[in-house]
Protein chains: 2
Amino acid sequence: MISIKEITKQTGITVRTMRYYDQINLLSPADKTEGGHRLYGEKELIKLQEIQFLKTLGFSLQAIKDMLENENHDWFSGLQNQLNYILKEKEKLGEMESILRGLLHEMVLEEQIDLLQLQKLIQIYQKDFHKREAYLKQMFDQEERKLLDMLPNINHGDPDTMEWIALMAQLKQHMLKGVSAPEVQRIIRRMDEKTVEVYGDCPEFIDKLWEIRKSPEKSQEAGFYPVDQELLEFVEKAFVIFQNNRKEA
Amino acid sequence: MISIKEITKQTGITVRTMRYYDQINLLSPADKTEGGHRLYGEKELIKLQEIQFLKTLGFSLQAIKDMLENENHDWFSGLQNQLNYILKEKEKLGEMESILRGLLHEMVLEEQIDLLQLQKLIQIYQKDFHKREAYLKQMFDQEERKLLDMLPNINHGDPDTMEWIALMAQLKQHMLKGVSAPEVQRIIRRMDEKTVEVYGDCPEFIDKLWEIRKSPEKSQEAGFYPVDQELLEFVEKAFVIFQNNRKEA
DNA sequence: CTTGAAAGTGACGTTACGTCATTTTGTATA
DNA sequence: TATACAAAATGACGTAACGTCACTTTCAAG
């Protein structure tokens, strides 16, 4: 049994934090002295480490509490959701960064910067925002959602899906080399193999998938890994080459 | 002069927000009716737009207030500071993302995840980087270290790493079918291709890597992601078969 | 038994509003 | 003009994860 002071020494966590964790029933002391001083054991230290670790992943204390309390918590989904959340936040920051850089660049060109200048710049940037917003809102449709819901849990991180994504991303890297490059054709061959292995007896499903893939909006709705049009066309062309080569052989 | 309702209609900003801005003296109404209802003019609308815009850059309301109040505010420095701040935040999120990806990748390999598993993973991640660096330095020379950097690091979401993990995980699924099963051999062939693509003409390096991989202790010291022994042996055997088949062909 | 350090318990502050509950004002209609 | 109903106002509490007083009690050494 160690005192609260020992905890702060060993972990760097403040006394206040320990008391707070006790207060919200996230981590209670193993025991207390007669006078009410908190005493912690080895188990608590370990739990504290876990809490700290999960905090570095950006989870809220409430979420951490739920995770550690639920004996059969779905860690995979939990982490995936968190990853998605983090990615969204990163995207937001990315936009901020982009606008800030734009402003700073323009300010280098304009020599004098005051409120009036800024107002002009704001006008420009706000226009873009409104356009984007309008564009996105226009793309909503009820019927399309049903189709997407019928798809299996393709974004659930199973190895097959993962490889698909990995292969696509690799193709993107090799795009400059052209559809006939050996690396490209090897990847395409692997894709073909996987298509047969996984979806062999259900070609309609593949068609459906491909249709959604070809629509960026639908892909995004479905939570697919975003693939740009250029890449999709590249894949289609490379597949044609691949099939021709196979026929000749 | 327009009412608060008009403001919400035109800008989408809530009544509560307008009252709050009034309360903190960020944006006060131009006038009030006898009964105390807020009335805004064109100037206020513009200021409100500015506020909204600066908010999208991540500034706090207090900061925005200071900026708009100070007649000769140093916009350039202000924006630059904000950019730095944003970049730091992005970096933090990037680390979270990296760790999350690492965990998720490992979870694709392990099928069951519970608190005990997580504790093990936490142990690995909490290990300090210095130990790893030191260990790796002593094992590999300079040139090899360059290659080592290309080694699939489980934290990086790059396509090559993803495919490695996906292939490993798929192998695990197919283990029961034996080392000669066509699915297995196709995966092995793909692994071989990738090995050659990435590490090309340096087979000794691959041997050394493989040696570390086969020793759980060494792997852990090097900070590699954990792969169970059974799977590693399976891969080795399957590779032997693969190479024999190739010789015969 | 004293004494100073360490620990305890409230309580308030932080951000940018959301969400009641209650009261007052504005306005359209009978 | 009285009334009804919408809209606006005010005030208060809640949010997350503690930091920071202020004040009291307990612990351990001398």
Side-chain angles (χ1 to χ4, degrees), chain A residues 1-40 44 47-48 50-68 82 85-86 89 92-93 96, chain B residues 1-41 44 47-68 82 85-86 89 92-93 96:
Chain A
M1 289 300 184
I2 58 179
S3 71
I4 205 171
K5 182 71 167 295
E6 262 311 305
I7 295 273
T8 73
K9 268 191 203 163
Q10 291 185 29
T11 65
I13 292 161
T14 69
V15 175
R16 176 70 175 97
T17 298
M18 292 306 295
R19 280 204 277 262
Y20 182 63
Y21 288 175
D22 187 10
Q23 185 185 328
I24 64 173
N25 294 317
L26 173 60
L27 178 60
S28 305
D31 201 0
K32 289 199 173 189
T33 68
E34 282 182 25
H37 286 198
R38 293 171 178 78
L39 295 172
Y40 297 90
E44 282 71 29
K47 188 168 177 185
L48 191 53
E50 287 163 14
I51 292 170
Q52 289 302 105
F53 177 71
L54 292 172
K55 249 170 46 107
T56 68
L57 300 185
F59 284 105
S60 73
L61 293 187
Q62 185 56 52
I64 294 173
K65 195 182 161 193
D66 295 343
M67 292 160 108
L68 296 182
Q82 185 64 10
Y85 170 70
I86 295 293
E89 291 298 304
K92 280 186 205 165
L93 289 179
M96 292 182 192
Chain B
M1 289 301 186
I2 58 178
S3 71
I4 205 171
K5 181 69 166 299
E6 262 311 305
I7 295 274
T8 74
K9 266 192 205 163
Q10 291 185 28
T11 66
I13 292 161
T14 68
V15 175
R16 177 70 177 98
T17 298
M18 292 308 294
R19 282 205 277 263
Y20 181 63
Y21 289 175
D22 187 10
Q23 185 185 328
I24 65 174
N25 293 317
L26 172 61
L27 178 61
S28 305
D31 201 359
K32 289 198 174 189
T33 67
E34 280 182 26
H37 286 198
R38 292 172 178 78
L39 294 173
Y40 296 89
E44 282 71 31
K47 188 169 178 184
L48 191 54
Q49 276 190 6
E50 287 164 16
I51 291 170
Q52 287 303 104
F53 177 71
L54 292 172
K55 250 172 45 110
T56 67
L57 299 184
F59 285 105
S60 72
L61 293 186
Q62 185 55 54
I64 294 174
K65 195 183 160 192
D66 294 343
M67 293 161 106
L68 296 183
Q82 184 65 9
Y85 170 71
I86 295 294
E89 290 298 304
K92 279 188 205 165
L93 289 179
M96 292 182 192

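In what follows, chains carry the letters A, B, and so on, assigned in the order in which the sequence lines appear, proteins first and then strands, with residues in each chain numbered from 1.
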Could you give the side-chain donor-acceptor pairs of residues 2-9 of chain B under 3.5 Å, partners two or more places apart or in another chain?
unit_1, atom_1, unit_2, atom_2, d
B:Ser3, OG, B:Lys5, N, 3.3
B:Ser3, OG, B:Glu6, N, 3.3
B:Glu6, OE1, B:Gln10, NE2, 3.2
B:Thr8, OG1, B:Lys5, O, 2.7

Taking distance alone, no hydrogens or angles, what donor-acceptor pairs closer than 3.5 Å link side-chain atoms of residues 24-37 of chain A to residues at least two apart or in another chain?
unit_1, atom_1, unit_2, atom_2, d
A:Thr33, OG1, A:Gly35, N, 3.3
A:Thr33, OG1, A:Gly36, N, 3.3
A:Thr33, OG1, A:His37, N, 3.0

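Contact annotation: the side chain of A:Glu50 never approaches that of A:Phe53 to less than 4.5 Å [non-hydrogen atoms, C-beta and beyond]. Residues A:Leu61 and A:Tyr21 form a side-chain contact, since some pair of their non-hydrogen atoms from C-beta on lies under 4.5 Å apart.
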Given the rule in the side-chain contact (heavy atoms from CB on, under 4.5 Å) test, do B:Met67 and B:Phe59 qualify, once you have shown the distances and angles that lead to the verdict?
CA-CA 10 Å; B:Met67 293 161 106; B:Phe59 285 105; 3.6 Å; yes
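B:Arg38 places its CZ atom 14 Å from the P atom of C:dT25, with the value rounded to the nearest Å. We find that CG of A:Leu39 is positioned 10 Å from P of C:dA7, with the value rounded to whole Å. Atoms NZ (B:Lys32) and P (C:dT25) sit 12 Å apart, rounded to a whole Å. Rounded to an integer number of Å, the gap from A:Ile7 CD1 to C:dA7 P is 11 Å.
Legend: salt bridge (Lys or Arg N to Asp or Glu O under 4.0 Å) pairs involving residues 55-64 of chain A, not counting sequence neighbours: none detected.
Running 5' to 3' along DNA chain D, contacts with non-hydrogen atoms of chain A at under 4.0 Å begin and end at D:dA17 to D:dC27.
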Under 4.0 Å protein heavy-atom contact, by nucleotide of nucleotides 1-6 of chain C - B base, S sugar-phosphate only
-----S
Just by protein heavy atoms under 4.0 Å, how would nucleotides 12-20 of chain C read 5' to 3' in B, S and -?
----BBBB-
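Annotation: the span from B:Arg19 atom CZ to B:Arg16 atom CZ amounts to 7.0 Å, rounded to 0.5 Å. Taking CD1 of A:Ile64 as the reference point, atom CD1 of A:Ile51 lies at 6.5 Å (rounded to 0.5 Å).
In this structure A:Lys92 satisfies the salt bridge (Lys or Arg N to Asp or Glu O under 4.0 Å) test together with A:Glu89, sequence neighbours excluded. With sequence neighbours excluded, the residues that form a salt bridge (Lys or Arg N to Asp or Glu O under 4.0 Å) with B:Asp22 are B:Arg38. Shown here are the side chain to side chain contact (heavy atoms under 4.5 Å, CB included) partners of B:Met96, two or more places apart in sequence or in another chain: A:Ile86, B:Leu93. Here A:Ser60 pairs with nothing under the side chain to side chain donor-acceptor pair (under 3.5 Å) rule; sequence neighbours left out.
Contact between the side-chain N/O atoms of B:Thr33 and the OP1/OP2 oxygens of C:dG26 is found at a separation under 4.0 Å.
When all heavy atoms of B:Gln82 and B:Leu57 are compared, the pair lying nearest together is NE2-O, 2.9 Å.
Axis orientation changes by 30° from one end of the helix from C:dC1-D:dG30 to C:dA30-D:dT1 to the other, with each end axis drawn from 5 pairs and the value rounded to 10°.
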